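Comments concern the structure below.
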Amino acid sequence: MQESTVVIVGAGPSGLAISACLTQNSISHIILEKEDCCASLWKRNAYDRLNLHLASEFCSLPFMPHPPSGPTYLSKDQFLQYIDKYVEHFNIKPRYCHVVVSAEYDEVTNKWRVEAKNTREDTSEVYESNYLVIATGENSEGYIPNVHGLGTFEGEVVHSKYYKSGSKYESKNVLVVGCGNSGMEIAYDLHNWGAIPSIVIRSPFHVFTRDLIRQGMQMQNYMPTNVVDIVITFLAKLKYGDLSKYGIYRPKEGPLHLKNISGRAPVIDVGTIGKIKEGAIKVIPSGITKIEKKKVVFGNNTEEEFDVIVFATGYKSVVNGWLKDYKYALNEKGMPKSAYPNHWKGDHGLYCAGLSRRGLFGVKEDAELIAEDINQSLNLHNK
């Protein structure tokens, strides 16, 4: 049995940020990470052309802002250099290859009991802590919907988590399912590599340039969200015109308000909208009803043959599989049961970080709040 004040599960940006904050307060903690590196989603599962959509001023972790002289928008590689520097600077030492098998709260000792498998040495380890932080992130396991006949598809099926680039899909008909930021950017990347992409767009969404989103986030410091939404939506309409003729509709709610209440982010356009307008990327305004070999049948009774289907259909949390007492902070889907801004704190010393659907900006916020709360709780206990 190994004891620590805090056990953090996950060494992504959230886990690293909390570690740095706890270190500043001299609070002992251990990070358990199932992969053999930190920020594994960024290092292993991010597509090649990925750049951060938010300006660097909104993408820093606690105590280490990006220099104003640096690039406004970081590439994946630049962000990973920053992460590695962060780990080195704060001397963060995650325990890699430690898969958490179970975590439960002991009401007799008032402590968390965490069991992990050390996959390097094939041994089992038990940890006991006063506080447990879930920092496994929103994007743990790729979600692919249960489409009728998907098992019969004769082409390639890939989730966006495992998509790297369109280089191997030249001249192939590729269907992208999902019109969030990943789906839209993958469709654009496929076109650039000479593939013939189509994208399923069923839901309304907002489209902006990344500079417009940056302006909106800056304006929020000085004016209410609903006013900012009106301003940036008007500017986006001037920029893109009426997109309904291309099968793209705007939601009634404003973009920043929608992000706050539902976590649904606006689409940051990397060039996809221009290609849709040109007809280089085809929009299919209807969901899939069934798949037969290479043929995909859509809800509007059209059908088409594809070589590849990319599912950019999001992720599902797998925390509830190992966290036996998830009810103290999470709902049945493994997401915070309390709405933002109270999402991060559960009962009995259970916290969750990076699950507010507010990107790296939310990660920093969560880490600071959690570390401060643990610090206050310990001070109170010591008195």
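Worth saying up front: this structure is predicted, and the values here are computed from it rather than measured. In what follows, residues are counted from 1 in the order of the sequence shown.
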Is there a donor-acceptor pair under 3.5 Å between the side chain of [X] and the backbone N or O of [Y]?
X	Y	result
Thr289	Val297	yes
Asn118	Asp122	no
Asp106	Asn110	no
Thr272	Met184	yes
Asn181	Pro266	yes
Tyr246	Lys282	no
Lys275	Asn192	no
Asp373	Gln376	no
His159	Gly314	yes
Thr152	Gly149	yes

Hydrogens and angles aside, do [X] and [Y] bring a side-chain donor and acceptor to less than 3.5 Å of each other?
X	Y	answer
Ser244	Asp242	yes
His29	Thr5	no
His66	Glu57	no
Tyr47	Asp189	no
Gln215	Arg210	no
Asp77	Ser75	no
Ser203	Tyr249	no
Glu115	Tyr127	no

Between [X] and [Y], is any pair of side-chain heavy atoms under 4.5 Å apart?
X	Y	value
Ile83	Leu61	yes
Val126	Gln2	no
Asp269	Tyr240	yes
Leu330	Lys337	no
Tyr163	Asn45	no
Tyr73	Cys59	no
Arg44	Cys37	yes
Asp366	Ser14	no

- Task: Give a yes or no on whether the ring-centroid distance for Phe361 and Phe58 is below 6.0 angstrom.
- Result: yes
- Task: Would you please indicate if the ring centroids of His343 and Tyr340 are separated by under 6.0 Å?
- Result: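 Yes, ring centres under 6.0 Å apart.
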Can you tell me if [X] has over 12 outside heavy atoms packed within less than 6.0 Å of its [atom1]?
X	atom1	answer
Lys164	NZ	yes
Trp42	CH2	yes
Lys324	NZ	yes
Glu278	CD	yes
Asn301	CG	no

For the atom pair [atom1] ([X]) and [atom2] ([Y]), what is the distance rounded to the nearest 0.5 Å?
X	Y	atom1	atom2	value
Ile232	Asp211	CD1	CG	12.0 Å
Leu22	Phe90	CG	CZ	12.0 Å
Leu360	Leu74	CG	CG	9.5 Å
His206	Leu256	NE2	CG	9.0 Å
Thr225	Leu258	OG1	CG	12.0 Å
Leu132	Leu350	CG	CG	5.5 Å

- Task: Would you mind telling me which of Asp325, Val133, Asn130 makes a side chain to side chain contact (heavy atoms under 4.5 Å, CB included) with Trp112?
- Result: Asp325
- Give the ring-plane orientation class for His348 versus Tyr105, where under 30° counts as parallel, over 60° as perpendicular and anything between as tilted. parallel
- Any pair with a residue in residues 169-187 that passes salt bridge (Lys or Arg N to Asp or Glu O under 4.0 Å), sequence neighbours left out, goes on the list, sorted by first then second residue, please.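 Residue pairs passing salt bridge (Lys or Arg N to Asp or Glu O under 4.0 Å), neighbours aside: Arg49-Glu185.
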- Are Val207 and Leu235 connected, step by step, through hydrophobic side chains (Ile, Leu, Val, Met, Phe, Trp, Tyr) whose heavy atoms are closer than 4.5 Å? no
- Item | Common cluster, Val283/Leu190, ILVMFWY with side-chain heavy-atom separation under 4.5 Å | yes
- Message: Other members of the hydrophobic cluster containing Ile284, with the 4.5 Å side-chain heavy-atom rule, please.
- Response: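 Ile284 shares its hydrophobic cluster with Ile144, Val147, Leu150, Phe153, Val157, Leu175, Val177, Val200, Ile288, Ile291, Val296, Phe298, Phe306, Ile309, Phe311.
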- Quick one: do Lys294 and Glu303 make a salt bridge, cutoff under 4.0 Å?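 Salt bridge absent between Lys294 and Glu303.
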